[in-house]
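Worksheet: one structure, shown below.
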Amino acid sequence: MARPRDDRQRDQLRPALEEIIDLGHPLVRLAREIDWGFLDRPFASVCTRGPGQPGLPTRLVAGLLILKHMHNLSDEVLCARWLENPYYQFFCGELSFCHNLPFDRSSLTHWRQRLGEEQLMALIQESLSVAHNTGALATGDLERVVVDTTVQPKAIAHPTDARLCHRALEKLVDLARRHHVPLRQSYRRVAKRAAIMVGCCTHAHQFKRARRALKFLHIRLGRVIRDIRRKIAGKEALQERFADLLALAVRVRLQDHRQRGRKIYALHAPEVECIGKGKARAPYEFGCKVVPVRGGAKRSRHGDVGTDKAGTSHLLVQRAVRAIGHCGFSSAEREPAFADLIAWTQEIHVPDGDHILGHVTKLGLRWTRTWDPRDPAAPK
């Protein structure tokens, strides 16, 4: 795919959007405050130079992502509203009103898969910059921040051993077919029936039959793994292409639901962990442990620190923590997290994996330690 370029032109037979909309609308004012050129550089880096159709304009992609998260919309609803809302179209850089979508709905999925940490942090940087320039984020809101831990849930199906084995077998067979690797037998039909039998027998409390069907799945998955390894032996290109999926399939085949430690809960998101929440309505969740840092904190008369009233809490930075267990801070994580924040503010040294807008770190931030009353080292 070639680098994206914005070559949209005004339709001379249609009125311009600026002539039919209210220029004082919040979306119009926000669109004029955002530095779209700043977002163009990191977004263009995901596309390589060369032949091919240019990608969608950066302002269109970034605008759609911002609108999606501002109003909590699905891709289908976002496309429907974009088509009928002139303010959405102006926010995304259109010059004239469009009666047809200039993109396909699946383009949103493809762009989300291309974007990495650098591009997402650029969106956070620009949002903080706009908030500070417009007065929504004051210097006083950054004098005290709240460092919290929570679970970022991942939309995955409930993981079971039978489902994971069946999905691993299907993915290996599909990948072998795409790369023209002949298999002795695919076992797709019998593996599907065995996965169904595991669920039916477990529901009927016929656990011996369920274990027998699950063992059948493990054996067939092992046969497919060994068959692929024999067929791609000595072919470096194929070995590199199959390496990640084969490693995941081996882990899925060998893991057990009773084992402790790291396990695979989703083949498309191997980073997902099962993290305990300690709540009756959600004893555990499947996702990643994250550490969000929010501004606009205040201290109550009881000494507790929390976010200020609605509308003044701004996400400054968020870090993912690869940890197993409860979603709260552990004793081994509290001190490094606090040290990273001190280095971030005093030495303007961004912690590994985090990026924040440069001039925001020079606003005179002041960090004070908040003691957990359950901490033995907390002052009485």
Side-chain angles (χ1 to χ4, degrees), residues 74-76 109 113 150-178 181-231 242-289 322-328:
S74 64
D75 291 350
E76 292 80 2
T109 303
Q113 294 174 351
T150 185
V151 178
Q152 185 75 40
K154 185 75 173 181
I156 65 172
H158 186 78
T160 61
D161 292 340
R163 176 181 175 82
L164 289 174
C165 286
H166 182 223
R167 290 295 297 157
L169 187 143
E170 284 187 331
K171 284 181 174 292
L172 285 174
V173 172
D174 291 340
L175 188 61
R177 181 173 299 175
R178 288 198 302 268
V181 177
L183 298 179
R184 184 181 59 180
Q185 191 172 347
S186 66
Y187 302 104
R188 298 193 65 160
R189 182 179 59 84
V190 294
K192 180 179 180 179
R193 177 174 176 79
I196 295 174
M197 288 298 298
V198 172
C200 294
C201 295
T202 303
H203 180 71
H205 289 227
Q206 300 174 355
F207 298 113
K208 286 187 177 180
R209 291 184 177 181
R211 285 194 294 268
R212 191 182 308 125
L214 182 60
K215 182 179 179 181
F216 180 90
L217 269 175
H218 285 165
I219 294 175
R220 268 58 187 181
L221 178 59
R223 290 182 181 178
V224 172
I225 292 174
R226 292 188 296 270
D227 192 12
I228 291 178
R229 284 177 173 174
R230 287 192 298 266
K231 298 297 176 57
F242 279 84
D244 295 338
L245 188 55
L246 281 176
L248 291 176
V250 171
R251 291 182 59 183
V252 166
R253 179 175 177 269
L254 298 179
Q255 73 183 11
D256 185 74
H257 69 279
R258 293 184 296 267
Q259 77 180 36
R260 294 290 183 177
R262 296 188 178 277
K263 294 190 288 186
I264 299 297
Y265 296 99
L267 291 173
H268 69 280
E271 72 278 0
V272 169
E273 299 290 348
C274 182
I275 303 176
K277 292 283 289 183
K279 299 179 181 178
R281 60 179 177 82
Y284 58 87
E285 286 184 343
F286 295 100
C288 294
K289 182 177 179 180
R322 297 289 180 261
I324 305 175
H326 195 264
C327 65

Problem - Check: F216 ring centre within less than 6.0 Å of H218 ring centre - result: no

Fill in the blank from the handout: Between F286 and I156 the two heavy atoms that sit nearest each other are CB-CD1, 3.7 Å

Problem - Point-to-point distance, once rounded to the nearest 0.5 Å, from NZ of K208 to SG of C201 - result: 13.5 Å

Practice task
Report yes if some heavy atom in the side chain of K192 is under 4.5 Å from a heavy atom in the side chain of E170; otherwise report no.
Solution key: no

Handout entry: Spacing of R167 atom CZ and I264 atom CD1 [to the nearest 0.5 Å]
Key = 14.5 Å

Practice task
Classify the angle between the aromatic ring planes of H158 and Y284 as parallel (below 30°), tilted (30 to 60°) or perpendicular (above 60°).
Solution key: tilted

Problem - Within residues 215-231 or reaching into it, pairs that qualify as salt bridge (Lys or Arg N to Asp or Glu O under 4.0 Å) - sequence neighbours excluded - result: D227-R230, D227-K231

Problem - salt bridge (Lys or Arg N to Asp or Glu O under 4.0 Å) involving R260 - partner list, sequence neighbours excluded - result: none

Exercise for the section: Check P159 against L164 and note the closest heavy-atom contact, atom names and distance. Expected result: CB-CD1, 4.4 Å

Exercise for the section: Answer whether the closest heavy-atom distance between the side chains of V252 and C165 falls below 4.5 Å. Expected result: yes

Fill in the blank from the handout: Of all heavy-atom pairs linking A213 and V198, the shortest is CB-CG2, 3.5 Å

Fill in the blank from the handout: On a heavy-atom basis, the closest approach of V272 and G287 is CG1-N, 3.6 Å

Exercise for the section: Identify the heavy atoms of Q255 and Q259 that sit nearest to each other, and give their distance. Expected result: CA-OE1, 3.3 Å

Problem - Contact summary for L221 and A249, nearest pair of heavy atoms - result: CD2-O, 3.9 Å

Handout entry: Salt-bridge criterion met for R258 and D161 (N-O under 4.0 Å)
Key = no

Practice task
May I ask you to check whether over 12 heavy atoms, not counting those of R188, lie within 6.0 Å of atom CZ?
Solution key: yes

